[in-house]
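Each remark here refers to the structure printed beneath this line.
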Amino acid sequence: MKGVGKGYGKVILFNEHFVVYGIPAIAAAIGNTTVARVEKSDRFELIDNRPETPGYKEEKKEQQKDSMKRILKAMNLDMEKNPVRIILEGDLVAASGIGASAASCVAIARALSEYFNLNLSDDQINSIAYEGEKGYHGTPSGIDNTVATYGGLIWFQRREEGNIFKRINLKEPFRIVIGNTGKVADTKRAVQLVREKKEREKEKFDRLSRDAETLVYEARDALERFDLRRVGELMNENHRMLRELGVSSKELDFLVNLSLENGAYGAKLTGGGLGGNMIALTPEKDLQERVARAIEKEGFQVNKTIIGGV
Ligand code: MEV
């Protein structure tokens, strides 16, 4: 008996954090995935062989344990009675901001579903991964697990009565560069900081939320028209909003500016912020190379990937 499952890594193109409060956001799967394998064992074991930003796995160990418990509970699986070994691998770097936790939750749920012949649908996998995400995030919006489950480029809105998500169709895939600050960031803490800001500076938060809402509709139009220059400008604008929210960092701002100086159409932090990763829109191959090289020259890791291809 064996079970294998995979989950996509993701980037958020627009409105991380705002999405927690019901403002629509746009996110996309990237070509990298986490793969989980489930094997028979005499005791429960989770072996994490994913490539990582140094320190990430150690720092997330307790959150990962909590997440694993929640996944098993949501799937009604008893590891005392039916122990298994779960092995995590794949080419998605375990790092902050690129949906590593969500991708692993989806991969694990899929692999367990196959191993125990549960035949779960994607919608069921998505709900289980959402429960797993609570171990990492506390109050996740659901955007990460949704992209990790279905892939593609999606419009996502959190709603009490059921989240809305729709695929956005692109004329063709486009290239981006993901720059890794090398800093492990705590999404839970970032979400908490924003919550405090919302309570302390209500007017400012409301103004930023309104602007973020207007922006994301325009961004969807620009993506559908394939007006990548406009998409880039809106990414810059969104980065400014996220800075005002207080979730950027010195390294993120540095990499965003470096990308723009090297010709990127737009650049912004992606995911929780406070470290983790940023993205730069670089549709042409030579531009992607140039931006990636500039980031690497400064000693940071990059991932050259595409959006709209998976
Ligand atoms: C994290 O990838 C995205 C956040 O908006 C949190 C969430 O949506 O759950 C920061």
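All ligand and atom numbering here is 1-based and tracks the order in the structure.
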Using a 4.0 Å cut-off to any heavy atom of Ser141, which atoms of ligand 1 qualify? 7 (C), 8 (O), 9 (O)
With a cut-off of under 6.0 Å to the ring centre and 45° to the axis, is Arg220 in cation-pi contact with Trp155? yes
If the cut-off is 4.0 Å to any non-hydrogen atom of Ile143, which atoms of ligand 1 fall inside it? 8 (O)
Is it true that, when you exclude Lys134 itself, more than 12 heavy atoms of the residues, nucleotides or ligands shown sit nearer than 6.0 Å to its NZ? yes
Nearest-contact summary for atom 2 (O) of ligand 1 - protein heavy atom, Å: Asp144 OD2, 2.8 Å
Check the surroundings of atom CD in Glu196: do more than 12 heavy atoms from other residues, nucleotides or ligands lie under 6.0 Å from it? yes
Would you call Gly272 a ligand 1 contact, heavy-atom distance under 4.0 Å? yes
How many angstroms lie between CG in Asn238 and CD in Glu233, if you round to the nearest 0.5 Å? 13.5 Å
Ligand 1 contact by Arg158, heavy-atom criterion under 4.0 angstrom: no
Please identify which atoms of ligand 1 are closer than 4.0 Å to at least one heavy atom of Pro140. 9 (O)
Where ligand 1 meets Ile12 - atom numbers and elements under 4.0 angstrom, heavy-atom basis: 2 (O), 3 (C)
Numbered atoms and elements of ligand 1 in range of His17, under 4.0 angstrom, heavy atoms: 4 (C), 5 (O), 10 (C)
Are more than 12 heavy atoms from other residues, nucleotides or ligands located less than 6.0 Å from atom CZ of Arg189? no
Give the atoms of ligand 1, by number and element, whose distance to some non-hydrogen atom of Val19 is under 4.0 Å. 5 (O), 8 (O)
Please list, in number order, the atoms of ligand 1 under 4.0 Å from a heavy atom of Glu16. 5 (O)
If we only count N/O pairs under 3.5 Å, is His137 in contact with ligand 1? yes
Intermediate values then yes/no, salt bridge (charged side-chain N to carboxylate O under 4.0 Å, His left out), Glu52 and Lys60: CA-CA 11 Å; Glu52 67 166 335; Lys60 304 278 171 181; over 6 Å; no
Is it true that Arg159 and Glu161 have a side-chain N and a carboxylate O under 4.0 angstrom from each other? yes
Rounding to 0.5 Å, atoms CG (Asn145) and NE2 (His137) come to a distance of 9.0 Å
Find all atoms of ligand 1 within a distance of less than 4.0 Å from any non-hydrogen atom belonging to Lys10, and give their numbers and elements. 2 (O)
